Amino acid sequence: MIYLYVGIGGFIGASLRYFVGVLLTGPDQWFPYSTLAVNLSGSFILAWFTIGLVERYALSAEWKAALGTGLVGSYTTFSTLSMDAVLLYERGDLFLSSLYVFISIGGGLVLSLLGFHFGKRRNAAC
C-alpha cells in the first residue's frame with residue numbers, strides 16, 4: 001500500500017517540477033534556473049516537512065513516504081543538476097559550471113538548515 005502513496009506523491013512532485021521548469025525557462029536559456037530553484041526550494045521543504053510536520057503530527061509511515069520520498073523526491077532532481085553542470089562545462093564555461101554546483105550544494109545545505117530551524121520554531125510555538 002505504501003507504493004501507492006509514494007506514487008501519488010511522486011505524480012504531484014513531478015508535475016510541480018515540470019510546472020516550475022515551464023515557468024522559469026526563457027527563450028535564451030543560458031543558466032539552469034529551474035533546476036536550481038526546485039533543488040533549493042526542495043531542500044528547504046524537505047527539512048521543514050521532516051521537522052515541522054512529522055514530529056508535530058506523528059504522521060504514519062505511508063504519509064512520510066508519500067510526502068518525503070514521493071512528492072519532494074520527485075520534485076527535486078540531482079541527476080538534472082549533474083547534467084546541467086556538465087553541459088555548462090562542455091560549453092566551455094568552467095566558472096559558471098563550478099558556481100552552479102557550489103550554489104546548488106551550498107545553498108541546499110543552507111536552506112535545509114533554515115527549513116530545520118523554522119520547523120523547530122513552529123513546533124515550539126504550538
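Here the structure is a predicted model, which is why all the values come from computation and not from measurement.
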Enquirer: Do Tyr89 and Leu96 belong to the same hydrophobic cluster, where Ile, Leu, Val, Met, Phe, Trp and Tyr are linked whenever their side-chain heavy atoms lie under 4.5 Å apart, directly or via other members?
Expert: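 Each belongs to a different hydrophobic cluster.
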
Enquirer: Show the nearest heavy-atom pair for residues Ser104 and Leu36, with the distance to one decimal.
Expert: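 Shortest heavy-atom contact: OG-CD1, 3.3 Å.
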
Enquirer: Calculate, to the nearest 0.5 Å, the distance between atoms OG and CG belonging to Ser43 and Leu109 respectively.
Expert: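 Rounded to the nearest 0.5 Å, the OG-CG separation comes out at 7.5 Å.
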
Enquirer: Any chain of hydrophobic side-chain contacts (each under 4.5 Å) joining Leu81 to Ile45?
Expert: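 In one cluster: yes.
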
Enquirer: Taking the side chain from Arg121 and the backbone from Gly52, do they hold a donor-acceptor pair closer than 3.5 Å?
Expert: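 Checked: no pair found.
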
Enquirer: Between Ile2 and Ala61, what is the shortest heavy-atom contact and its length?
Expert: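 Smallest heavy-atom distance, with atoms named: CD1-O, 3.7 Å.
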
Enquirer: Applying a strict under-4.5 Å side-chain criterion to I, L, V, M, F, W and Y, I'd like to know whether Val72 and Leu16 cluster together.
Expert: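 Linked, Val72 and Leu16 end up in one cluster.
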
Enquirer: Nearest heavy-atom pair of Thr69 and Val6: which atoms, and what distance?
Expert: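 Of all heavy-atom pairs spanning Thr69 and Val6, the closest is CG2-CG1, 4.3 Å.
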
Enquirer: Measuring from Trp30:CH2 to Arg91:CZ, what's the distance to the nearest 0.5 Å?
Expert: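 One finds 8.0 Å between CH2 of Trp30 and CZ of Arg91.
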
Enquirer: How far apart are the closest heavy atoms of Pro32 and Asp84, and which atoms are they?
Expert: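 Looking at all heavy atoms of both residues, the closest pair is CB-OD2, 3.1 Å.
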
Enquirer: Rounded to the nearest 0.5 Å, what separates atom CD1 in Ile8 from atom CD in Glu62?
Expert: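 It comes to 11.5 Å.
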
Enquirer: What residue among Tyr33, Phe31, Phe95 forms ring-ring contact (aromatic ring centres under 6.0 Å, His included) with Tyr100?
Expert: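 By the ring-ring contact (aromatic ring centres under 6.0 Å, His included) criterion, Tyr100 pairs with just one of Tyr33, Phe31, Phe95: Phe31.
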
Enquirer: For a 4.5 angstrom cut-off between non-hydrogen side-chain atoms, does Leu111 reach Leu114?
Expert: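 Yes, their side chains come closer than 4.5 Å.
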
Enquirer: In terms of hydrophobic clustering (I, L, V, M, F, W, Y; side-chain heavy atoms under 4.5 Å; direct or indirect links), are Phe78 and Leu46 co-clustered?
Expert: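 As far as the 4.5 Å side-chain criterion goes, Leu46 and Phe78 are connected within one cluster.
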
Enquirer: Rounded to the nearest 0.5 Å, what separates atom CZ in Arg56 from atom NZ in Lys120?
Expert: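 It comes to 14.0 Å.
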
Enquirer: Taking the side chain from Ser98 and the backbone from Leu94, do they hold a donor-acceptor pair closer than 3.5 Å?
Expert: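 Indeed, once roles are kept as given, a pair shorter than 3.5 Å links the two residues.
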
Enquirer: Using ring centroids (six-membered ring only for Trp), state whether Tyr5 and Trp63 fall under 6.0 Å.
Expert: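 Close enough - the centres of the two rings lie under 6.0 Å apart.
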
Enquirer: Do Met83 and Thr80 come close enough that some side-chain heavy atom pair is under 4.5 Å?
Expert: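 Heavy-atom side-chain distance check fails, nothing below 4.5 Å.
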
Enquirer: So, for Val101 and Ala85, which heavy atoms are closest and what is the spacing to 0.1 Å?
Expert: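 Residues Val101 and Ala85, closest heavy atoms: CG2-CB, 3.6 Å.
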
Enquirer: Does the side chain of Arg17 come within less than 4.5 Å of Ile12's, by heavy atoms?
Expert: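 No. Closest side-chain heavy atoms not under 4.5 Å.
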
Enquirer: Kindly work out whether a path of hydrophobic side-chain contacts (I/L/V/M/F/W/Y, heavy atoms less than 4.5 Å apart) joins Phe11 to Leu67.
Expert: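 Yes, same cluster.
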
Enquirer: Measuring from atom CG of Leu40 to atom OG of Ser112, what distance do you get when rounded to the nearest 0.5 angstrom?
Expert: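 Those atoms lie 9.5 Å apart.
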
Enquirer: Between Ser74 and Leu71 (side chain of the first, backbone of the second, donor and acceptor by atom type, cut-off under 3.5 Å), is there such a pair?
Expert: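 Side chain of Ser74 to backbone of Leu71, a donor-acceptor pair under 3.5 Å: yes, one is there.
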
Enquirer: Can you see which heavy atom on Tyr75 is nearest to which on Val38, and at what distance?
Expert: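 Residues Tyr75 and Val38, closest heavy atoms: CE2-O, 3.4 Å.
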
